[in-house]
Amino acid sequence: MTARSLRIGSGYDVHRLVEGRRLVLGGMDIPFEMGLLGHSDADVLIHAICDALLGAAALGDIGGHFPDTAEEYKDIDSCRLLEKVRQLLMDVGWRIINVDCTIIAQRPKLAAYIPAMRAKLAQTLIIEPEQISIKATTTEGLGFAGRGEGIASQAIALIESIS
């Protein structure tokens with residue numbers, strides 16, 4: 001019998017809030033007067049998850065796989081990037097056990113959207129919603145997030161070898 005191999009990875013992303021963009025978090029359009037600025041759809045939650053998964057498998061980071069200078073990723077739905085990361089992990093012999101995330105934003109309030117985000121991410125990762133935790137918090141008005149200048153997200157992923 002071989003020992004089960006487990007790895008943990010962490011990810012972090014932040015994007016500036018601007019007018020004239022839609023707000024996408026966890027693959028969901030969130031009604032808000034501003035959106036996140038980025039080369040892709042700027043989904044900070046999915047970007048943090050991608051980095052956590054890639055980090056756990058020692059496969060680099062999201063910028064190395066999907067550079068913001070590549071035209072093919074301009075305005076891309078970040079769920080497509082997450083699908084590619086999931087497939088890459090599977091190709092090298094890893095499966096996802098769970099993902100734990102925190103979104104850091106003063107506004108908008110996100111609690112009502114979290115169940116739909118979990119369902120969308122589970123569908124994208126081909127895992128159960130119970131394997132994904134998403135929390136949202138404010139910074140009590142402190143820092144760039146507290147001033148409403150941007151939104152950040154952190155993610156931690158646990159993966160196991162499938163060989």
Side-chain angles (χ1 to χ4, degrees), residues 4 6-18 21-57 59 61-63 65-66 72-139 145 148 150-162:
R4 187 168 124 172
L6 300 173
R7 289 195 185 168
I8 297 171
S10 68
Y12 176 82
D13 195 37
V14 61
H15 283 276
R16 179 180 302 277
L17 279 164
V18 296
R21 296 261 308 185
R22 64 192 181 113
L23 179 59
V24 182
L25 293 171
M28 307 298 302
D29 281 323
I30 308 297
F32 194 56
E33 64 265 15
M34 297 194 300
L36 294 169
L37 181 63
H39 185 69
S40 67
D41 64 7
D43 188 328
V44 293
L45 177 56
I46 288 181
H47 295 180
I49 294 169
C50 285
D51 268 347
L53 292 168
L54 290 166
L59 294 172
D61 65 21
I62 191 172
H65 289 274
F66 315 110
E72 65 191 292
Y73 303 121
K74 179 76 175 135
D75 296 321
I76 193 168
D77 178 340
S78 291
C79 285
R80 292 188 49 215
L81 303 179
L82 188 57
E83 288 170 352
K84 291 174 184 274
V85 168
R86 180 197 55 80
Q87 187 60 54
L88 181 59
L89 261 64
M90 290 185 61
D91 290 347
V92 296
W94 295 99
R95 80 171 141 232
I96 300 163
I97 295 177
N98 78 302
V99 180
D100 183 24
C101 313
T102 304
I103 303 167
I104 304 141
Q106 198 65 35
R107 295 181 37 232
K109 296 297 182 190
L110 298 170
Y113 303 100
I114 288 174
M117 287 183 207
R118 289 178 66 210
K120 177 73 170 182
L121 294 171
Q123 177 185 18
T124 303
L125 291 171
I126 312 176
I127 60 177
E128 296 299 318
E130 294 77 25
Q131 292 172 267
I132 300 173
S133 173
I134 301 172
K135 289 120 20 223
T137 190
T138 70
T139 60
I151 294 177
S153 185
Q154 299 174 333
I156 299 170
L158 179 61
I159 62 173
E160 70 177 332
S161 62
I162 53 178

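Heavy-atom basis, side chains included; hydrogens, waters and symmetry copies ignored. Since this is a predicted model, take the numbers as computed values, not measurements.
- Between the side chains of Ser78 and His47, at least one donor N or O lies within less than 3.5 Å of an accepting N or O.
- Counting only heavy atoms from C-beta outward, the side chains of Leu45 and Leu121 approach each other to under 4.5 Å.
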Step by step, work out the side chain to side chain contact (heavy atoms under 4.5 Å, CB included) result for Leu53 and Leu88.
CA-CA 10 Å; Leu53 292 168; Leu88 181 59; over 6 Å; no
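- Side-chain contact between Arg22 and Asp41 is present, with at least one heavy-atom pair separated by less than 4.5 Å.
- Of the inter-residue distances, the one linking Ser153 atom OG with Asp43 atom CG reads 8.5 Å to the nearest 0.5 angstrom.
- In summary, the side chains of Asp100 and Ser133 do present a donor paired with an acceptor at a separation below 3.5 Å, with no hydrogens or angles considered.
- The environment of Lys74 atom NZ is dense: over 12 non-hydrogen atoms of other residues, nucleotides or ligands sit within 6.0 angstrom.
- The line from CH2 of Trp94 to OG of Ser161 is 5.0 Å long, rounded to the nearest 0.5 Å.
- Separating the CD1 atom in Ile132 from the CD atom in Gln123 is a distance of 10.5 Å, to the nearest 0.5 Å.
- For Arg107, the side chain to side chain donor-acceptor pair (under 3.5 Å) test picks out Glu33, with sequence neighbours left out.
- In this structure, Arg16 places its CZ atom where only 12 or fewer heavy-atom neighbours from other residues, nucleotides or ligands lie under 6.0 Å away.
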Determine, step by step, whether Thr139 and Gln106 satisfy the side chain to side chain contact (heavy atoms under 4.5 Å, CB included) criterion, reporting the C-alpha distance in whole Å, the side-chain angles of both residues, the deciding distance to 0.1 Å, and the verdict.
CA-CA 6 Å; Thr139 60; Gln106 198 65 35; 3.7 Å; yes
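- Under the 3.5 Å distance criterion, the side-chain polar atoms of Arg118 are matched with a main-chain donor or acceptor of Pro129.
- For the side-chain contact (heavy atoms from CB on, under 4.5 Å) test with Ser40, the passing option among Ile76, Val24, Ile62 is Ile76; the others fail.
- Arg86 has its side chain out of reach of Thr124: every pair of non-hydrogen atoms, C-beta onward, lies at least 4.5 Å apart.
- Residues Ser10 and Ile8 fail the side-chain proximity criterion, which asks for heavy atoms closer than 4.5 Å.
- Residue-environment remark: NZ (Lys84) stays at or below the threshold of 12 foreign heavy atoms within 6.0 Å.
- Among all heavy-atom pairs drawn from Cys101 and Ala155, the shortest one is SG-CB, 4.0 Å.
- Residues His15 and Leu37 have side chains not in contact (no heavy-atom distance under 4.5 Å, counting atoms from C-beta outward).
- Ile159 and Ala57 get closest at one heavy-atom pair: CD1-N, 3.6 Å.
- Distance CD1/Ile97 to CG/Leu158: 4.0 Å, rounded to 0.5 Å.
- Here His65 pairs with nothing under the ring pair (Phe, Tyr, Trp, His ring centres under 6.0 Å) rule; sequence neighbours left out.
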Stepwise side chain to side chain contact (heavy atoms under 4.5 Å, CB included) check, Arg21 with Met34:
CA-CA 6 Å; Arg21 296 261 308 185; Met34 297 194 300; over 6 Å; no
Stepwise side chain to side chain contact (heavy atoms under 4.5 Å, CB included) test for Arg80 and Ile46:
CA-CA 10 Å; Arg80 292 188 49 215; Ile46 288 181; over 6 Å; no
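- How far CE of Met117 is from CD1 of Ile103: 4.5 Å, rounded to the nearest 0.5 Å.
- Not counting sequence neighbours, Asp51 has no partner by the side chain to side chain donor-acceptor pair (under 3.5 Å) test.
- Ile134 contributes atom CD1, which lies 9.5 Å from atom CG of Leu25 (distance to the nearest 0.5 angstrom).
- Taking all atoms of both residues into account, the shortest heavy-atom contact from Ala136 to Leu110 is CB-CB, 4.0 Å.
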